[in-house]
Amino acid sequence: SFEVKIASSGATFSVPKDKSVYEVLSENGIDIMVSCEQGVCGTCLTRVLEGEPDHRDLYLDDDERAANDQFTPCCSRAKSKTLVLDL
Ligand code: FES
């Protein structure tokens, strides 16, 4: 598991293996717009301020992945212990 931190509030949530970042945020009252929930459409794209995403989408290109400043919370995860999200 890894943690996501909400930059605006400082709130931190743990993301277990069997849940997406989107699911955990939504359970905690933070709504992100989603559509495909499969990493295809890019609707859920969220800015990352710190940490390294584990990109599992099919939406971002290689350069965008390498920049590590955005990710798709419907399916992507984290390689670092924490991701700080611009929310
Ligand atoms: Fe489509 Fe996340 S909802 S990429």
Side-chain angles (χ1 to χ4, degrees):
S1 74
F2 57 95
E3 295 195 329
V4 288
K5 182 172 176 180
I6 308 305
S8 61
S9 67
T12 302
F13 306 107
S14 177
V15 182
K17 271 200 174 69
D18 59 343
K19 283 190 183 164
S20 69
V21 173
Y22 160 66
E23 286 172 315
V24 168
L25 293 180
S26 145
E27 283 170 8
N28 287 281
I30 297 161
D31 289 319
I32 290 176
M33 277 221 310
V34 292
S35 177
C36 71
E37 292 189 55
Q38 292 175 12
V40 176
C41 71
T43 302
C44 64
L45 208 58
T46 299
R47 274 181 53 76
V48 174
L49 301 177
E50 276 177 47
E52 187 181 354
D54 179 4
H55 297 289
R56 302 207 180 163
D57 63 279
L58 302 167
Y59 179 77
L60 295 173
D61 67 27
D62 289 346
D63 287 347
E64 289 169 329
R65 273 170 220 282
N68 283 335
D69 60 358
Q70 52 185 347
F71 88 134
T72 55
C74 69
C75 60
S76 292
R77 307 190 66 82
K79 287 182 180 164
S80 52
K81 243 187 98 184
T82 306
L83 283 184
V84 180
L85 305 181
D86 188 16
L87 292 171

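Just so you know, ligand 1 is whichever comes first in the structure, and atom 1 is the first atom listed for that ligand. Being a predicted model, the structure only gives us computed values, none of them experimental.
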side-chain contact (heavy atoms from CB on, under 4.5 Å) between Thr82 and Val4, worked out:
CA-CA 6 Å; Thr82 306; Val4 288; over 6 Å; no
Counting only protein N, O or S atoms and ignoring waters, those under 2.8 Å from atom 1 (Fe) of ligand 1 are Cys36 SG, Cys41 SG
Pair Arg77-Val15, side-chain contact (heavy atoms from CB on, under 4.5 Å): steps then yes or no
CA-CA 9 Å; Arg77 307 190 66 82; Val15 182; 3.6 Å; yes
Atom SG of Cys36 and atom CG of Asp57: how far apart are they, to the nearest 0.5 Å?
9.0 Å
Give every donor-acceptor pair under 3.5 Å between a side-chain atom in residues 47-55 and any protein atom, sequence neighbours left out.
| residue | atom | partner | partner atom | Å |
| --- | --- | --- | --- | --- |
| Arg47 | NE | Asp86 | OD2 | 3.4 |
| Asp54 | OD2 | Arg56 | NE | 3.3 |
| Asp54 | OD2 | Arg56 | NH2 | 2.9 |
| His55 | NE2 | Arg65 | O | 3.1 |
| His55 | NE2 | Asn68 | OD1 | 3.3 |

Please give me the minimum heavy-atom distance between Cys74 and Gln38, naming the atom from each residue.
SG-N, 3.9 Å
Could you check Thr72 against Tyr22 for side-chain contact (heavy atoms from CB on, under 4.5 Å), going step by step and ending with a plain yes or no?
CA-CA 9 Å; Thr72 55; Tyr22 160 66; over 6 Å; no
